[in-house]
Structure formats: structure tokens, C-alpha cells
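As the structure is a computational prediction, the values presented were derived from the model and not from experiment.
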Amino acid sequence: MGWVNETLVREFVFLGFSSLARLQQLLFAVFLLVYLFTLGTNVIIISTIVLDRALHTPMYFFLCVLSCFETCYTFIIVPKMLVDLLVQKKTISFLGCAIQMFSFLFLGCSHSFLLAAMGYDRYVAICDPLHYTVLMGHGVCVGLVAAACACGFTVSLVTTSLVFHLPFHSSNQLHHFFCDVSPVLKLASHHSHLSQLVIFVLGVFVLVIPLLLILVSYIRIISAILKIPSSVGRHKAFSTCASHLIVVTVHYGCASFIYLRPKSNYSSSQDTLISVSYTILTPLFNPMIYSLRNKEFKSALRRAMVQTSYPVN
């Protein structure tokens, strides 16, 4: 209990880009452009899906929710990061750090379960197309999104509570550019193995269970596709799943590297680089992967642009 007389940590100092001091203005310009493009792309996707009745299907409903998640996800992290690239004092309050961690985990965990719901949607569409409208009715889709959010809320609340109930009396220098779990946990003056174990188990729950559900869906999907006699039919069926598979690979690849490694392999510089990819680049690529590879969405976007340019009186 030697830390009792030490000063309580009231704020954290971000050191994520401290080794790139001379490049911070360039990084600001690059990240700002990417962020604005990401916001613009997601707004276009959401608006097109909402306005075009032809896209009022379960697949596009989930895509709309995914775009909303990623818009909020980047808003929680990127604006603060951009400001910190321009100022000398890169700090965040203790409460602000807890709120940022909770919000980031809530959206990230919900994102994982949403991808599982999207995998189930593709499974029903390909393996049971005759009952698709019944099995994937509006109520079912809303229920799946609500369940994903409930799981994300529970995991983020438990994890954030465990982390910020620990004592912080020593260093407040956070080797990251936002309040992620591992960097903050590393600063705690004392943390039990039980806390680390619970957080790891929650990480496994968020990553492994949705991934297993996706794998089961795709095993059934691949089995159904291989039974299609026409090569054109097989290609068309698989093309409806390709975008989802790419996003799943990127999301779970980055997240597993960060959250499922042994703590002995923790590297601040590696994690900062990977975190940049899934907080800035992945939200940029995901909407583009889904929209640019989809002829139906591109047709709907052209219709929306025509209606905007030449509105009907």
C-alpha cells in the first residue's frame, strides 16, 4: 500500500505520435482529409439507403446501421486526435478517458455482433431464399441490431468499470492516441490477475463468438453455393458475400492482434500503427467495399443524384 500517499491521476497525457513530432502537421492534414472523406462517404450511403425504397431490404438496413456505427466510432476518436496533433499539451481528463473508452468499446463490440448478424442474413438469403422475407422481417432485423447493441453495452460497461475502478497513482503518460484498454491498464498502480482475466474473457466473447457464428454461416453458404449447377449462379451468389468477408477479415484481424495477444507481446508502437488502421482506415474502406462493389447500390445512388439535380415538381 505504498502508493497511498502518492498523487491521484486526474488526467492522462497522450504520447501516441510523440516520436513523429516533425510530421504531426502532415499527419493532421492526411488524417483530416481521410476523416472528412469517411464522413462524406457514410453520409452518402445512409442517405441513399434511407431515400431509395429499392434498398429497403435487410442487407441494406444492416449496412446503414454499420455506417452509423462507423460514423460515431470515428467521431469519438479522430477529432480529439486531430486537435492533439496541433497542440503541445495532449491531455484528456480522467472522466473523459473513461467516457471515450466506454463509447469506443460499445461501438466496437456492437460492430462485431452486427457483422455476425450480417453473416446470418447472407446465410438465409442463399440457403433459404423462399423464406427470406419471413425469417428476415423488419422486426427480426431490428431485434438483431438491438441484441448487438445490448451485448456491446454490457461488455463495454463491465470492462470500463473494471479498468477505472483500479487505482492510478503513478505515471499518467499514455503511450497511445486514445484511451484503449491495454495502454490505460498498463498505467494502473495495482491491478489483479482477476481483472486482466475478466477483460481477456470479455475480449474472447466479443471476438470469438461472433467469428464462430460467421464461420458456421459461411460453411453452410459455401456448401449451398457448391450445389448450384451454373458457374454464373455460383459467382453471383458468392459475390453477394465477398464484401462482407473482406470487412470481417480486416475487422477481426486487427482486433485479434490488439486484444487477444499475450501481454508479454505488448508493443506500443505496433499497437499505435494497428490502431490507426482500424480507427481511421478501416471505417474509410468498409463503406467503399460495400458500395463500390455493389451494382444495385450504385444504381440507387445514380437515381438519387438525378432526383437531387432534377427534382420532380
Side-chain angles (χ1 to χ4, degrees), residues 34-76 78 106-126 129 132-150 152 210 214 217 221 236-251 278 280-312:
V34 172
Y35 178 58
L36 292 176
F37 189 80
T38 301
L39 286 181
T41 306
N42 280 307
V43 168
I44 289 171
I45 289 174
I46 294 168
S47 302
T48 303
I49 293 172
V50 170
L51 295 174
D52 196 300
R53 294 186 63 84
L55 300 184
H56 290 183
T57 63
M59 184 178 78
Y60 290 106
F61 170 75
F62 289 130
L63 177 56
C64 186
V65 175
L66 181 68
S67 292
C68 290
F69 279 178
E70 292 187 334
T71 301
C72 297
Y73 181 87
T74 54
F75 181 75
I76 289 165
V78 179
F106 167 64
L107 291 166
C109 296
S110 300
H111 185 280
S112 288
F113 287 101
L114 182 64
L115 289 177
M118 295 173 79
Y120 175 71
D121 171 65
R122 292 299 83 206
Y123 157 72
V124 176
I126 293 173
Y132 180 71
T133 54
V134 176
L135 294 175
M136 295 302 296
H138 182 69
V140 174
C141 294
V142 172
L144 288 171
V145 172
C149 291
I214 292 170
S217 295
I221 287 170
K236 185 177 180 180
F238 184 75
S239 65
T240 64
C241 305
S243 298
H244 182 250
L245 278 174
I246 294 170
V247 172
V248 166
T249 302
V250 173
H251 173 79
Y278 74 73
I280 299 175
L281 299 181
T282 302
L284 168 67
F285 292 138
N286 285 358
M288 295 174 65
I289 289 168
Y290 270 107
S291 58
L292 296 182
R293 299 185 74 259
N294 192 301
K295 293 180 180 179
E296 188 178 13
F297 179 85
K298 287 188 285 187
S299 298
L301 180 58
R302 282 193 292 269
R303 288 194 297 271
M305 292 174 66
V306 169
Q307 290 175 3
T308 303
S309 302
Y310 305 100
V312 178

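The CE atom of Met118 sits 9.5 Å away from the CD1 atom of Ile214 when rounded to the nearest 0.5 Å. To the nearest 0.5 angstrom, Asp121 atom CG is 9.5 Å from Cys241 atom SG. To the nearest 0.5 Å, atom CD1 of residue Ile76 and atom CG of residue Leu107 are 4.5 Å apart.
Between Pro58 and Tyr132, some side-chain heavy-atom pair lies under the 4.5 Å cut-off. Side-chain contact between Pro210 and Leu115 is absent, with no heavy-atom pair separated by less than 4.5 Å.
Ser217 approaches Gly119 most closely through the heavy-atom pair CB-O, 3.7 Å.
In this structure, the side chain of His244 does not engage the main chain of Arg122 through any donor-acceptor pair within 3.5 Å.
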Could you pull out all donor-acceptor pairs under 3.5 Å where a side-chain atom in residues 59-73 meets a protein atom, sequence neighbours excluded?
{"unit_1": "Tyr60", "atom_1": "OH", "unit_2": "Asn294", "atom_2": "OD1", "d": "2.8"}
{"unit_1": "Tyr60", "atom_1": "OH", "unit_2": "Asn294", "atom_2": "ND2", "d": "3.0"}
{"unit_1": "Tyr60", "atom_1": "OH", "unit_2": "Glu296", "atom_2": "OE1", "d": "3.2"}
{"unit_1": "Ser67", "atom_1": "OG", "unit_2": "Asn42", "atom_2": "OD1", "d": "3.3"}
{"unit_1": "Ser67", "atom_1": "OG", "unit_2": "Leu63", "atom_2": "O", "d": "3.2"}
{"unit_1": "Glu70", "atom_1": "OE2", "unit_2": "His111", "atom_2": "NE2", "d": "3.3"}
{"unit_1": "Glu70", "atom_1": "OE2", "unit_2": "Asn286", "atom_2": "ND2", "d": "2.6"}
{"unit_1": "Thr71", "atom_1": "OG1", "unit_2": "Ser67", "atom_2": "O", "d": "2.8"}

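Here salt bridge (Lys or Arg N to Asp or Glu O under 4.0 Å) pairs that include residues 45-54, with residues two or more places apart or in two chains, are Asp52-Arg303.
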- Would Leu135 and Val140 count as a side chain to side chain contact (heavy atoms under 4.5 Å, CB included) if you check the C-alpha gap in whole Å, the side-chain angles of each, and the deciding distance to 0.1 Å? CA-CA 7 Å; Leu135 294 175; Val140 174; over 6 Å; no

- Message: Set out, in order, the CA-CA distance, both residues' side-chain angles and the distance that settles side chain to side chain contact (heavy atoms under 4.5 Å, CB included) for Phe113 and Cys149, then state yes or no.
- Response: CA-CA 8 Å; Phe113 287 101; Cys149 291; over 6 Å; no

